[in-house]
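This report refers to the structure that appears directly beneath it.
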Amino acid sequence: MTSLERARELLAEFPVADGHNDLPWALREQVRYDLDARDIATSQAAHLHTDIPRLRAGGVGAQYWSVYVRADLPDPVPATLEQIDCVRRLIDRHPADLRAALTAADMEAAREQGRIASLMGAEGGHSIANSLGTLRGLYELGVRYMTLTHNDNVDWADSATDEPGVGGLSAFGREVVREMNRLGMLVDLSHVAATTMRDALDASSAPVIFSHSSARAVCDHPRNVPDDVLERLPANGGMAMVTFVPKFVLQAAVEWTAAAGENLRAHGFFDLDTTAEAMKVHRAFEEANPRPVATVATVADHLDHMREAAGIDHLGIGGDYDGTAFTPDGLNDVSGYPNLIAELLDRGWSTTDLAKLTWKNAVRVLGAAEDVSRALQATRGPSHATIDSLDG
């Protein structure tokens, strides 16, 4: 049996629980949520990284759908609600393949039924507009993690890709973390500054996650996780989910992507724009400036290092499909996960360890957050703090 055949066999039992997919935002940008125009029941390879046939081919058993909205939108809360509505409509539209999941038990039930557990994560604290009531509202609508920042700072937390603001988490930021713990909403530390990571680990009584980040020691990009933070995950119980984005995994791609983003902005586009018009500009830039290409082995190098730093019980996968213009060779879309598992098998990873990487760790971490939530709700009610009352 080849490594790829062994990988597919393993994924049939312990499928991938992926931490981050931006399909809802791609549907917003491309067709303004017209699900007939991008029917993911059929191949959408010309337009998207994600559709149901390729999720099935990739051995995906659970997906955190990102309900990301841009931080520069004038009012991000209704836009976040539209993203949530998109995910719920997708689940309703494809009941044979997708199942809404709110808990670790829901994830296991979906696996037993052969359906893809569909969870939601809000990408960026701007989505709550400095309101703990809004945070609770998102939880009630099914959001099970929130990334504390996106690419820009929020008033109470510093981003990895912005200038330092409050020096990590403010007092209100720490209260956001505590309220997320009380709710059972996972604290996601992808995108945040290393100071914010450390402050959140200090403040959180529940496991944290990195929904789509790789190792800073392997690729020196501020979006990645430093070793001292990875080394704290065993005590916290959390997990870091490796991402596939070339500019976060391949050092040569860091500089190239910065130049490509500057070129997009010079042509009047947002630097994360993946619309057809923006991609024409991207392709012209790439023709003149050949793109450094990441591979399956590049991603596996990160996982090898992260296993050394954090341990196998604290790793997962968060591909960031449909949230990136480029992907590594062999991980071109959501059908590619078996290639990564095959590479790790060739490197001597055991099937026991790979089952933790693909499925078991993600289920454990969500279940642990639920346990912490039950204990906290027995001792305290909802926080009524405001940013003005705590940060002045």
Ring of [Y], cation from [X] - is the NZ or CZ under 6.0 Å from the centre and inside 45° of the axis?
{"X": "R307", "Y": "W349", "answer": "yes"}
{"X": "R265", "Y": "F270", "answer": "no"}
{"X": "R223", "Y": "F248", "answer": "yes"}
{"X": "R144", "Y": "Y139", "answer": "yes"}

Salt bridge or not for [X] and [Y], using N-O below 4.0 Å?
{"X": "D220", "Y": "R216", "result": "yes"}
{"X": "R374", "Y": "D371", "result": "yes"}
{"X": "R6", "Y": "E9", "result": "no"}

message = Checking R182 now: which residues fulfil salt bridge (Lys or Arg N to Asp or Glu O under 4.0 Å) with it, not counting sequence neighbours?
response =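 By the salt bridge (Lys or Arg N to Asp or Glu O under 4.0 Å) rule, R182 matches E179.
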ask   = Got Y337 and V60 here, is their nearest side-chain heavy-atom distance under 4.5 Å?
value =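 In short, these two side chains touch, coming nearer than 4.5 Å.
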message = I'd like to know whether F285 forms a ring-ring contact (aromatic ring centres under 6.0 Å, His included) with W256, so could you lay out the CA-CA distance, the side-chain angles of the two residues, the decisive distance to 0.1 Å, and finally the verdict.
response = CA-CA 10 Å; F285 179 85; W256 184 92; 5.5 Å; yes
task = Apply salt bridge (charged side-chain N to carboxylate O under 4.0 Å, His left out) to D202 and R232, showing your working.
result = CA-CA 10 Å; D202 290 342; R232 291 185 63 178; 2.7 Å; yes
May I ask you to check whether over 12 heavy atoms, not counting those of [X], lie within 6.0 Å of atom [atom1]?
{"X": "Q377", "atom1": "CD", "value": "yes"}
{"X": "E308", "atom1": "CD", "value": "no"}
{"X": "R88", "atom1": "CZ", "value": "no"}

request  = Decide side chain to side chain donor-acceptor pair (under 3.5 Å) for S213 and N224; before the verdict, give the C-alpha distance in whole Å, the side-chain angles of both, and the deciding distance to 0.1 Å.
outcome  = CA-CA 5 Å; S213 295; N224 287 334; 5.5 Å; no
key: Side-chain donor or acceptor of R174 paired with backbone N/O of L169 under 3.5 Å   =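 At least one qualifying donor-acceptor pair exists.
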request  = Decide if the gap between the ring center of Y321 and the ring center of H20 is smaller than 6.0 angstrom.
outcome  =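 Y321 vs H20: aromatic centres not under 6.0 Å.
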